[in-house]
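Predicted model, so just to flag it, every value in this text is computed and none were measured. Values below: every heavy atom of this structure, side chains too, minus hydrogens, waters and symmetry copies.
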There are 2 protein chains.
Amino acid sequence: MATPAEKHLYPIVNTDVALFTLIDMQLRVLLIRRANRPDPGGWALPGGIIKPEIDHSLEDAARRMLVAKTAVNVPHLEQVMTYSGPHRDPRGWSVSVLFFALLPSDQVSAVAGSKTEATDWANPEKPGRRLSFDHDQMRVAALTALRTKVEHGALPLHLLPARFTLTDVQRACEAIMGRAIDKSSFRRQMKTARDLVPVAGAFVRGAQRPAQVYRAAAGFAF
Amino acid sequence: MATPAEKHLYPIVNTDVALFTLIDMQLRVLLIRRANRPDPGGWALPGGIIKPEIDHSLEDAARRMLVAKTAVNVPHLEQVMTYSGPHRDPRGWSVSVLFFALLPSDQVSAVAGSKTEATDWANPEKPGRRLSFDHDQMRVAALTALRTKVEHGALPLHLLPARFTLTDVQRACEAIMGRAIDKSSFRRQMKTARDLVPVAGAFVRGAQRPAQVYRAAAGFAF
DNA sequence: GCAATAGTGTCTATTAGACAATATGGG
DNA sequence: CCCATATTGTCTAATAGACACTATTGC
């Protein structure tokens, strides 16, 4: 442990992650009930203090902690903002790098909370409880960052299984944006999107006209 | 000083700033010739290690270091990205929070380099030299962040004196974007911009029709 | 046939770019 | 008057939203 004097010289550095997924085509964010100090029992975004001896970067650290807390590895992790100050964490002057991450909807069941920490997939707009530290501010910032990307045309394919229909993509965008999107306009945009590749001969069938199945293009980046 | 073991437990945390201004209506970024280790003699963005005992946030730290190195206080400072890793700084595992800042063009002459460090206002697209550490990557990221904001309609009024003409704003945007902008389209947008307030009766005169003088609206935020 | 959803077409309002035209000063 | 730049107007192409229409299946 560092002495108090050293605490003044070296801030605590940690990462926090807003892990988004789709459950029943509704956008959800993962919250974890804290087992340890500070604020035991409080709900917070998953995160923790980085370990320079094993982490090669902040992204690596965030991914390591997500694997530790959820047992899943996410396909997309993206920096949102860095928070700082002497009082945001009761342990002292701290720096926290916030990421958002996307988890495919078909991997939600693979998420396992650790034995000492309960988990909850909360509505990111109305989580229904206050979050520890400044994590409410982080939640809003992460949601805004995600929406901004989708607003500007990025396709949230990492929230979907490997194969999906255009309707799936539209539902995902609607869940993120929190509003309905016109089908015709949306598909017009999809036609010019090079990220989508139709899977020849693959259709989703049901009590309606079959829907073309797509996959993400090779080299797709959210 | 921390021992090597402590260095492994606590990363170095520092801030770096890409300080932009306009010189002869050309976009420039401030580089500082490093006086100390590591990489003495190298050119880099101004920055340094934060001091938790005096800094209340990373923004404060970045501002403090800018004042120390340039003797000017900037009207706008904005977070771009946080860089990290064990090798980006030879002193060990480090975290660096990058900001960009805007300096009004009429305050360039107030910038004073310290006695031990030379300064240069470089072209941010082609600085003409390699930068220390990962600062070339930072330079590109800061320029991109600035351009993205202006592309999306933000007015870079913090680069201009308190009073300016619409042509000044257009020239500033052109300098940032690196391309010509159509006068008519630009002014159409300005008409709907609530950030601009015409100064009644104030005109810039010359060998042509007088130009209306504007100021930033109260509460203007870049 | 009917329900349900996939996929397409059409109209319109808005917007950005190109470019022309006009306005108003100094000299 | 002439020059230079401010300011405005016009035309057009591209785009997004609203909404209607057609297509293809299971039952």
Asks: Answer with yes or no after comparing the ring centroid distance for A/His152 and B/His152 against a 6.0 Å cut-off, counting only values under it.
Replies: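 Judged by ring-centre distance (under 6.0 Å), A/His152 and B/His152 do meet the cut-off.
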Asks: Mind calculating the distance between CZ (A/Arg205) and P (D/dA23) to the nearest angstrom?
Replies: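 For the pair A/Arg205 CZ and D/dA23 P, the rounded distance is 18 Å.
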Asks: Below the 4.0 Å mark, does D/dT7 have OP1 or OP2 next to a side-chain nitrogen or oxygen of B/Arg187?
Replies: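 Yes, B/Arg187 has a side-chain N/O under 4.0 Å of OP1/OP2 on D/dT7.
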Asks: When rounded to the nearest 0.5 angstrom, what is the spacing between CD in A/Gln189 and CD in A/Gln170?
Replies: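 So the gap between those two atoms works out to 10.5 Å.
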Asks: What about B/Ser184: does its side chain form a donor-acceptor pair under 3.5 Å with the base of D/dG9?
Replies: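 Side chain to base: pair present.
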Asks: Taking it one step at a time, do A/Glu78 and A/His76 satisfy side chain to side chain donor-acceptor pair (under 3.5 Å)?
Replies: CA-CA 7 Å; A/Glu78 186 165 325; A/His76 186 74; 2.6 Å; yes
Asks: Check the distance between C/dG7's C1' and A/Leu196's CG and give it to me in whole angstrom.
Replies: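 Interatomic distance, CG of A/Leu196 to C1' of C/dG7: 15 Å.
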Asks: Taking all non-hydrogen atoms of both residues, which atom of B/Thr21 and which atom of B/Trp121 are closest, and how far apart?
Replies: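 Closest pair (atom of B/Thr21, atom of B/Trp121, distance): CG2-CZ3, 3.5 Å.
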Asks: When you match B/Gln208 and B/Tyr214 each to their closest nucleotide on DNA chain D, which lands nearer the 5' end?
Replies: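 In this pair, the answer is B/Gln208.
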Asks: Pick the nucleotide of DNA chain C nearest each of A/Ala207 and A/Phe203; which residue has the one closer to the 5' end?
Replies: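 Its nucleotide being nearer the 5' end, the pick is A/Ala207.
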Asks: Starting at NZ of A/Lys191 and ending at C1' of D/dT15, how long is that distance when rounded to a whole Å?
Replies: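 Atom NZ in A/Lys191 sits about 15 Å away from atom C1' in D/dT15.
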Asks: Scan A/Gln212 against the nucleic acid and name what it touches under 4.0 Å (heavy atoms): base, sugar-phosphate only, or nothing.
Replies: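 Sugar-phosphate, no base atom in range.
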Asks: Between A/Thr82 and B/Thr82, do the side chains contain an N or O donor and an N or O acceptor separated by less than 3.5 Å?
Replies: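 There is such a pair between these side chains.
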Asks: Tell me which of B/Pro210 and A/Lys183 sits closer to the 5' end of DNA chain D, going by the nucleotide each one is nearest to.
Replies: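 With B/Pro210 and A/Lys183 compared, the 5'-side residue is B/Pro210.
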Asks: What is the distance, rounded to the nearest whole Å, between atom CD of A/Gln170 and atom C1' of D/dA16?
Replies: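 Distance check: A/Gln170 CD to D/dA16 C1' gives 14 Å.
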Asks: As a test of reading the structure: which of D/dC19, C/dT5, D/dA16 is closest to the side chain of A/Asp182, going by heavy atoms?
Replies: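 Taking heavy atoms from C-beta onward, the closest nucleotide is D/dC19.
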Asks: Expressed as a whole number of angstroms, how long is the span from A/Glu174:CD to C/dT5:C1'?
Replies: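 The distance from CD of A/Glu174 to C1' of C/dT5 comes to 14 Å, rounded to the nearest Å.
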Asks: Find the distance B/Ile181:CD1 to D/dT7:P and express it as a whole number of Å.
Replies: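 Atom-to-atom, B/Ile181 to D/dT7, this comes out as 17 Å.
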Asks: Which nucleotide wins on minimum distance to the side chain of A/Arg209, given the candidates D/dG17, C/dT5, C/dG26?
Replies: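 It is C/dT5.
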Asks: Rounded to whole angstroms, how far apart are CZ on A/Phe186 and P on C/dA6?
Replies: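 Atom CZ in A/Phe186 sits about 12 Å away from atom P in C/dA6.
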Asks: Rounded to whole Å, please give me the gap between CE in B/Met190 and P in D/dA6.
Replies: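 Taking atom P of D/dA6 as the reference, CE of B/Met190 is at 15 Å.
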